[in-house]
Structure formats: structure tokens, C-alpha cells
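Below is one structure, written out as C-alpha cells; comments come after it.
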Amino acid sequence: MPIDHLQIVGVRNLESVVIEPSPTINIICGINGSGKTSILESIHLLGLARSFRSSKIQPIIQHGENCCTVFGRLDDGYPIGIQRLTDGELLIKYAGKRLFSVAELACKLPLIIITPDTFQLVSGSPSLRRQFIDWGVFHVEHTFLTYWKNTRKILKQRNNLLKNGTISHSQVAAWDISLIENAEKVDQFRSNYINQLKNLFNQIVEILIDIKELKFSYYRGWDNEKKYSEVLSSNFQRDSKLGYTNLGPHKADLKITVGNRLATDVLSRGQQKIIVCALKIAQGLLFQQQLQRPCIFLIDDLASELDQHFRNNICQLLEGSGAQVFITAIDNLLITNSWNNKSKVKMFHVEHGQVKEMQP
Ligand SMILES: Nc1ncnc2c1ncn2[C@@H]1O[C@H](COP(=O)(O)OP(=O)(O)OP(=O)(O)O)[C@@H](O)[C@H]1O
Ligand SMILES: [Mg+2]
């Protein structure tokens, strides 16, 4: 659901900002340090109660203040607001009522972010790719979070017992019944999601870039040919020695390969960034198909490491997706002409934390 009114108070150098975004494309431009990323960060706060730049709240709250507030109105007319205090307190409101879970908030404002760090989705740790898969599953399968939380809780307990060496093979079997049940459910959801995403990803990659034999496949965290129960049982001695459960949905990954090599060993940084954009756009399109509503893209500094040709193609795919897009640029000219329907594009100029709407 697009945001049609946004108010930010006390986020980094944004003292007090009010904007009326376009339901489609919003360009946020300004020089280095003006506050562009802070606007995306504020929207991220509104949707997830945290920043994508810092896990702590203190650095985000304006120096000298004790809280930051972001308030928005969605195009269904409902207000949504979040306040974070330096002491960690969190207040979330939607449609006049207090919400007590960030997961509920996340459902209202489905955000997909692309920043210069996002290309680590190809080169970084598997946990980033698990987060990517789980974002998609979470929004479609409302029971997923429960199964995933259960899995993690049981794994933690199992690992504690393994580490202390206080459990025998037969005793662990009792823990494993519940672990297997939850883990298999998590795997099923993830696997279904990836199967659906694959087609869209392939179509988008084909539009964006010509890389022969580019493939992505899902690894569920244990041998595809075996049941999780068999894997846990046959690995018990090894897990006992290690002091933790070596295989399971906590090791799931998305393997991106070119021919028989890992994409990260073959592709340039720019090419990796294009692959990441393709994954994220495919995710946005699938969200739209499955939930019949658009998501919101937060895109920071798309221009870095991408040439004009790729920038234009990515912008046009974003525009065609029907999603609401907030995209930053130091030089607005780099992306102002990348859109087909310029009448829907709004441009905001940021200077020392003040924001003014301009003609694109
Ligand atoms: N807690 C804070 N309180 C006040 N100002 C802050 C705080 N944290 C950061 N800043 C300042 O906020 C400004 C905005 O930073 P931001 O990262 O949003 O800029 P930007 O426009 O994205 O810059 P760039 O083009 O370099 O990415 C910076 O000048 C920074 O020094
Ligand atoms: Mg920035």
C-alpha cells in the first residue's frame, strides 16, 4: 500500500520533514550528507521499527533529542506511526490502535531495499540469502513465522544439550520429533517460494543482462535426497562432537551459479548488483501477484557501479512493477530521464535536512 503522506521528526539531520509522495516514483536528490539516505531510513523505521544502517537506535535519533517519530498515511486512508526513544522504548500505532508486534507492522508496509551494500546478497553470508527468501515467505504464508521461531527455539535447546554433552542419542530423539515437524514445514514454504520466484527472476535477468548459464537453486540445509529425520540421526555423533546441530533449515541457502562456478567468483561487482536488482524486482513482482497489492522499494544510490544502460532498464522495470519507489541520487539528472511516464514522477530536493518538492 503506497504512502501518500510522510512526516519525519528527529531522524538524523531531518528535524521536521513533511512530504506528499507519488504513489509511483519518488526521486530524492541532494549533495553528500544532505539527508537522502536518512529519508529512506525513516521509511524503513516506519515499516520495520529499525534502520537498515544501524542495529542501534541511538545513532539514528537526532543529536540532543530523546526520540524520533515517523508518521505516514497509507493510501487506504489509515495512519501509521512509530516512535523510538533513546532508552529503547518503541511505540507503534496503526489506524489509531497500538500494535505490539513488529511483524504486524511489517505486513502493513512491505519494504524491499536496494542499497550499495545489497550486492552482498550474492557475495555475502548465507544468512542474507535466507533473510531474502524468508521475506517473501513471511508475507504470503502467515504461519511461517511460527514454524521458523519454533525451529530456532528447539535448535537452541538441542545445541545447549549437545554442547554440555548431557544427552544421549535416544534422549535427543524426543527433541527431534518437534524439530523435524517444524523444520520440514519451513523447508516446504521456502522451496515453494523459490519455485515461484524462479520464473520471474529468469524473465527479468533476460531483460537486464546477458549472462550465459546463470542459475539459482535452493539448498534446504541438508541433502535433498534424504529425510531430515535420517540426517539428524546419522549425524548425531558428529553433532555431539561439534556441540551443535550442523545441518538443518538454519543452513539453507540460495546458490547462484554461472555454469559450474559460484556467481561471486565470476561476476563483476556491477554484474552482481544487476543480479541482486533482478532478484529484488522479481520478489516485488511476485509479492504483487500473490497479494494483489504493490510493495515499496527503497533504493539508495542506484547509480554507483551501474552504467546508464543498466540504470535505465532497472528504472523501467521498477516503474512497470507498479510499486511505490523511493530512489536517491546525488545527481538527479542521472535518473530523471529513466522513466516512461514522467507525469507520475515526483522529485524532492534535500538540503541540510530540509526537503522541498521540485519539478522533475
Ligand atoms: N544522529 C544524528 N543527528 C544529527 N545529524 C546526524 C545524525 N547522524 C547523522 N547525521 C548527519 O545527517 C546527515 C545526513 O546523512 P545521510 O546519510 O542521510 O546523507 P546522504 O544525503 O544520504 O549523503 P550521501 O550522498 O553521502 O550518501 C549527515 O550530514 C550526517 O552527518
Ligand atoms: Mg546516502
Side-chain angles (χ1 to χ4, degrees), residues 3 6-19 21-22 25-72 82-91 109 111-121 269-270 273 276-277 280 296-308 310-311 314-315 318 324-336 338 345-358 360:
I3 302 168
L6 180 70
Q7 239 169 297
I8 306 164
V9 180
V11 176
R12 299 205 190 255
N13 70 338
L14 308 172
E15 201 175 311
S16 175
V17 166
V18 182
I19 59 172
S22 157
I25 310 300
N26 297 280
I27 301 172
I28 299 161
C29 58
I31 61 169
N32 290 126
S34 54
K36 303 179 297 296
T37 307
S38 304
I39 294 181
L40 301 189
E41 207 173 19
S42 305
I43 300 170
H44 199 270
L45 267 175
L46 186 63
L48 284 162
R50 60 179 167 81
S51 161
F52 54 84
R53 284 204 280 192
S54 164
S55 55
K56 297 192 193 110
I57 194 66
Q58 196 94 28
I60 298 153
I61 296 174
Q62 189 157 92
H63 300 318
E65 298 298 324
N66 69 353
C67 71
C68 64
T69 310
V70 187
F71 170 83
I82 181 151
Q83 186 167 62
R84 297 232 38 189
L85 278 77
T86 40
D87 65 9
E89 201 183 319
L90 164 66
L91 181 73
L109 220 60
L111 302 174
I112 297 184
I113 63 165
I114 302 178
T115 73
D117 289 336
T118 314
F119 71 87
Q120 286 180 7
L121 191 56
R269 282 164 66 95
K273 192 162 180 179
V276 169
C277 289
K280 296 270 184 165
I296 299 175
F297 279 96
L298 304 179
I299 304 181
D300 201 17
D301 200 8
L302 183 72
S304 71
E305 291 175 285
L306 291 185
D307 65 36
Q308 184 75 38
F310 288 118
R311 272 199 310 269
I314 289 170
C315 287
L318 286 167
Q324 186 175 37
V325 178
F326 293 85
I327 183 165
T328 69
I330 292 169
D331 182 353
N332 65 352
L333 292 176
L334 286 180
I335 52 168
T336 309
S338 304
V345 176
K346 279 197 178 184
M347 185 145 81
F348 300 94
H349 184 255
V350 194
E351 200 176 336
H352 301 304
Q354 306 280 328
V355 183
K356 274 198 198 115
E357 192 177 334
M358 297 168 63

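Scope of the values below: all heavy atoms of this structure, side chains included, with no hydrogens, waters or symmetry mates. When a ligand or atom number is given, it counts from 1 through the structure's own listing order.
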> Side chain, backbone, both or neither: which part of Ile61 comes within less than 4.0 Å of ligand 1 when only heavy atoms are counted?
Replying inline: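 Just the backbone.
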>> Heavy atoms only, cut-off 4.0 Å: how does Ile39 contact ligand 1, side chain, backbone, both, or neither?
In response: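 Neither part.
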> Short check: any N/O/S atom of Thr37 below 2.8 Å from the Mg ion (ligand 2)?
Replying inline: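 It does: Thr37 brings an N, O or S atom closer than 2.8 Å to the Mg ion (ligand 2).
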> Ile330 and Lys36: side chain to side chain contact (heavy atoms under 4.5 Å, CB included), yes or no, with the steps?
Replying inline: CA-CA 9 Å; Ile330 292 169; Lys36 303 179 297 296; 4.1 Å; yes
>> Checking Cys277 against Lys280 for the side chain to side chain contact (heavy atoms under 4.5 Å, CB included) test, could you report, in this order, the C-alpha distance in whole Å, the side-chain angles of both residues, the deciding distance, and whether it holds?
In response: CA-CA 5 Å; Cys277 289; Lys280 296 270 184 165; 5.8 Å; no
>> For a quick check under 3.5 Å, do Thr328 and Asp300 share a side-chain donor-acceptor pair by atom type?
In response: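 On atom types as modelled, these side chains qualify, holding a pair under 3.5 Å.
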> Do we see a donor-acceptor contact under 3.5 Å between the side chains of Thr69 and Gln83?
Replying inline: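 Their side chains do contain a donor-acceptor pair, which is all the 3.5 Å distance test asks for.
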>> What I want to know is whether Gly33 and ligand 1 share at least one N or O pair that is separated by under 3.5 angstrom.
In response: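 There is such a contact, yes.
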>> Counting only nitrogen or oxygen atoms and a 3.5 angstrom limit, does Ser34 reach ligand 1?
In response: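 So ligand 1 has an N or O lying under 3.5 Å from an N or O of Ser34.
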> Can you tell me if Arg53 has a non-hydrogen atom under 4.0 Å from ligand 1?
Replying inline: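 Heavy atoms of Arg53 do come under 4.0 Å of ligand 1.
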>> Against ligand 1, does Thr328 come closer than 4.0 Å with any heavy atom?
In response: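 No.
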> Who gets closest to atom 19 (O) of ligand 1 by heavy atom: Pro59, Gly30, Gly35?
Replying inline: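 Looking at heavy atoms only, the winner is Gly35.
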>> My understanding is that we take every heavy atom of each candidate and find the minimum distance to atom 7 (C) of ligand 1. Doing that for His352, Gln62, Glu41, Arg12, which one comes out nearest?
In response: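 Looking at heavy atoms only, Arg12 sits closest to atom 7 (C) of ligand 1.
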Element-labelled atoms of ligand 1 that are located less than 4.0 Å from some non-hydrogen atom of [X]:
X	value
Ser38	14 (C), 15 (O), 16 (P), 18 (O)
Ile31	21 (O)
Asn13	4 (C), 5 (N), 6 (C), 12 (O), 13 (C), 14 (C)

In the protein, which heavy atom is nearest to [atom], and how far is it?
atom	result
atom 25 (O) of ligand 1	Lys36 NZ, 2.6 Å
atom 3 (N) of ligand 1	His63 N, 3.0 Å
atom 22 (O) of ligand 1	Thr37 OG1, 2.7 Å
atom 26 (O) of ligand 1	Asn32 ND2, 3.0 Å

> Between Thr86 and Glu65, which heavy-atom pair has the shortest distance, and what is it?
Replying inline: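 Shortest heavy-atom separation between Thr86 and Glu65 comes out as CG2-O, 3.9 Å.
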> With the threshold set at 4.0 Å, does a side-chain nitrogen-carboxylate oxygen contact exist between Glu305 and Lys273?
Replying inline: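 Salt bridge between Glu305 and Lys273, a charged N being under 4.0 Å from a carboxylate O: no.
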> From atom 30 (C) of ligand 1, is the closest protein heavy-atom distance below 4.0 Å?
Replying inline: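 Neighbour list for atom 30 (C) of ligand 1 is empty of protein heavy atoms (cut-off 4.0 Å).
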> Do Cys29 and His349 come within less than 4.5 Å of each other through their side chains, counting heavy atoms only?
Replying inline: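 Counting from C-beta outward, Cys29 and His349 do come under 4.5 Å.
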> In this structure, which one of Val355, Leu40, Leu298, Ile19 forms a side-chain contact (heavy atoms from CB on, under 4.5 Å) with Ile28?
Replying inline: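 When side-chain contact (heavy atoms from CB on, under 4.5 Å) is applied between Ile28 and each of Val355, Leu40, Leu298, Ile19, only Leu40 qualifies.
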>> Using side chain to side chain contact (heavy atoms under 4.5 Å, CB included), reason through Ile314 and Ile299 one step at a time and then give a plain yes or no.
In response: CA-CA 11 Å; Ile314 289 170; Ile299 304 181; 5.8 Å; no
